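Please read these numbers as outputs of a predicted model, since none were measured by experiment.
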Amino acid sequence: MGNKVTGKSFLPIVVVFVLTSLFIWLAGPLLEAWKADRMVLAGGNILLFLVTGISFILYFKALHSSNVHAFVRVMYGSLLIKMLVCLIATFIYASVAGRAVNRNGVIGCFVFYILYTFFEVKILMELTRKQGKPDNA
């Protein structure tokens, strides 16, 4: 049953990924007007989806831990890992692209980061709230 709950809870993140991917590929003229590179946005979207999935699994496992300190450690650790992966990816992109860095694409990826983090935190808060309620409520 835990996998069903995990999958059902992760569904909004999948929806965000699908919608942002559709936006990236269907809004070509708009992105060109904003001077945002589709490949940068698509790569950032995929990276954020994968990192969010990993951190969500870690959060979900820690949520079922009886040790409150373990949950806090996993929360901070996942946040730090997510930020570091994004930072490292940005530095790698900047070093590979050189002067051709697409700043608007990078800013778009930061917007995606905020979007993914918002939904992840919202879902985890709901799960925490549900876990705190008695079974007969």
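- The distance from atom CG of N104 to atom CH2 of W34, rounded to the nearest 0.5 Å, is 10.0 Å.
- Side-chain contact between Y113 and T117 is present, with heavy atoms from C-beta onward closer than 4.5 Å.
- No single ILVMFWY cluster, assembled from side-chain heavy atoms under 4.5 Å apart, contains both V106 and L87.
- Linking Ile, Leu, Val, Met, Phe, Trp and Tyr whenever their side-chain heavy atoms come within less than 4.5 Å puts F118 and I123 in one cluster.
- L115 is not listed as a side-chain neighbour of V111, based on a closest heavy-atom distance of 4.5 Å or more.
- Taking the side chain as every heavy atom from C-beta outward, F60 and I57 never approach each other to under 4.5 Å.
- The CG atom of L127 lies 11.0 Å from the NZ atom of K8; values are rounded to the nearest 0.5 Å.
- Checking L50, L48, I46, L22 one by one against F17, the side-chain contact (heavy atoms from CB on, under 4.5 Å) holds for a single residue, I46.
- Using a 4.5 Å heavy-atom cutoff, the side chains of F23 and L31 are in contact.
- Hydrophobic clustering of Ile, Leu, Val, Met, Phe, Trp and Tyr side chains at less than 4.5 Å, counting indirect connections, unites F10 with F112.
- Between L58 and M75 the shortest side-chain heavy-atom distance does not fall below 4.5 Å.
- Remark: side-chain polar atoms of S55 are paired, donor with acceptor, to backbone N or O of T52 under 3.5 angstrom.
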- Item | CA sep, side-chain torsions, deciding dist, call: K82, I54, side-chain contact (heavy atoms from CB on, under 4.5 Å) | CA-CA 9 Å; K82 192 173 177 181; I54 292 167; over 6 Å; no

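- The shortest heavy-atom contact between W25 and A42 is CZ2-CB, 3.7 Å.
- The closest side-chain heavy-atom distance from D37 to L41 is not below 4.5 Å.
- A cation-pi arrangement is not found for K61 relative to F56, the charged atom failing to lie both closer than 6.0 Å to the ring centre and inside a 45° cone about the ring normal.
- Atom-to-atom distance recorded for L11:CG and F119:CZ is 11.5 Å, nearest 0.5 angstrom.
- There is a path of hydrophobic side-chain contacts, each under 4.5 Å, that joins Y59 to F49.
- Side-chain contact between Y116 and N45 is present, with heavy atoms from C-beta onward closer than 4.5 Å.
- If you take CE on M125 and CD on E120, they are separated by 13.0 Å, rounding to the nearest 0.5 Å.
- Side-chain atoms of N102 come within 3.5 Å of backbone atoms of K35 as a donor-acceptor pair (strictly under, hydrogens ignored).
- F110 and I114 sit in two unconnected hydrophobic clusters of ILVMFWY residues. Membership requires side-chain heavy atoms under 4.5 Å apart, directly or through other members.
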